[in-house]
Amino acid sequence: MTTTKTGVLGGFKAFLMRGNVIDLAVAVVIGAAFTNIVNSVVKGVINPVVGAFGTKDLDHYASCLKGPCVKNAAGEVTKGVFIQWGSVLSATLTFLITAAVVYFLMLLPMKRWQDRQAARTPAAPAKETELELLRQIRDALVEQRREPGSETVPAQR
C-alpha cells in the first residue's frame with residue numbers, strides 16, 4: 001500500500017526536489033564561493049589599474065550632487081550630498097566578473113555535456129495516443145465479426 005504525502009511538508013519536499021531548484025541552489029553556493037575570488041581580483045588587479053589614473057580604491061570616487069560637500073576625518077559626509085558612484089562601479093564589476101566565471105566555467109561546459117549525453121541516448125519511439133489505440137481495437141473487432149466473403153468496410157470517423 002502506497003501513501004502520498006500531502007500538506008505543507010509534502011508540497012515543500014516536492015518543490016525542493018524539482019531539478020531547477022537544485023540547480024539554483026548549486027549556482028548560489030558556487031557564486032558565493034567565487035565572490036571572494038572576484039573581490040580579490042577587483043581589489044588586487046582592477047583597483048590598481050584604475051589607481052594609475054586616480055585613487056587606488058574605487059570607493060573613493062564620488063561626486064558632489066548638492067554642495068558644498070564636506071567630509072570629516074572618518075570619511076562621513078557632514079555637509080552636502082555625495083553620489084558614491086565608485087562603489088557602484090566596483091559592485092558592478094564584481095557582479096559581471098562573477099557572472100562570467102559562473103557562465104563560462106560552469107554553465108557552458110555543463111550544457112555541452114548535457115547536449116552530448118542527449119545525442120548519445122536514442123530517441124524513444126513516439127507513443128501512440130489513446131485515440132489511435134482505440135481505433136485499432138475497433139478495426140480489429142470489426143474485422144473479427146466480418147464474415148468471409150463479405151464486402152463490409154470498417155466504420156471510419
Side-chain angles (χ1 to χ4, degrees), residues 1-54 56-63 65 81-157:
M1 180 162 108
T2 61
T3 60
T4 59
K5 287 188 177 183
T6 58
V8 176
L9 291 179
F12 183 67
K13 181 180 177 186
F15 170 74
L16 287 179
M17 293 316 217
R18 289 183 186 165
N20 54 358
V21 173
I22 294 170
D23 292 343
L24 179 63
V26 168
V28 167
V29 168
I30 290 173
F34 275 117
T35 299
N36 291 333
I37 295 170
V38 171
N39 285 335
S40 297
V41 169
V42 169
K43 289 182 196 283
V45 176
I46 293 176
N47 283 351
V49 169
V50 172
F53 302 104
K56 188 173 180 181
D57 189 7
L58 286 176
D59 292 336
H60 287 82
Y61 286 98
S63 296
L65 182 65
V81 177
F82 274 100
I83 301 291
Q84 303 283 334
W85 61 269
S87 61
V88 173
L89 178 62
S90 178
T92 302
L93 289 173
T94 301
F95 170 76
L96 290 174
I97 293 169
T98 302
V101 166
V102 168
Y103 179 76
F104 290 111
L105 295 181
M106 304 270 168
L107 296 177
L108 196 59
M110 179 62 85
K111 182 172 177 359
R112 287 182 181 162
W113 180 78
Q114 287 174 340
D115 291 344
R116 282 193 309 248
Q117 294 299 320
R120 286 183 186 171
T121 56
K127 292 186 177 181
E128 295 180 285
T129 64
E130 185 177 347
L131 187 58
E132 291 170 342
L133 290 173
L134 289 172
R135 284 184 183 150
Q136 290 175 3
I137 293 169
R138 178 202 61 202
D139 292 344
L141 289 172
V142 168
E143 196 62 38
Q144 285 178 356
R145 288 188 203 163
R146 199 169 70 178
E147 296 178 3
S150 160
E151 295 295 328
T152 60
V153 177
Q156 294 293 324
R157 229 181 122 183

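Here the CZ-CZ distance, from R112 to R116, works out to 8.5 Å after rounding to the nearest 0.5 Å. Atoms OG1 and CZ, on T129 and R135 in that order, are 7.5 Å from each other to the nearest 0.5 Å. The CG atom of L133 sits 8.0 Å away from the CD atom of E130 when rounded to the nearest 0.5 Å. One distance of note links CD of Q144 with CG of D139; it measures 11.5 Å at 0.5 Å rounding.
In plain terms, the two heavy atoms of W85 and S63 that are nearest each other are NE1-OG, 3.1 Å.
The closest donor-acceptor contact from the side chain of T92 to the backbone of V88 lies under 3.5 Å.
Counting heavy atoms from C-beta on, the side chains of Q117 and R120 come closer than 4.5 Å.
For R146 and E143, the salt-bridge test passes: some basic side-chain N is under 4.0 Å from an acidic carboxylate O. Remark: D115 engages K111 in a salt bridge, criterion side-chain N to carboxylate O under 4.0 Å.
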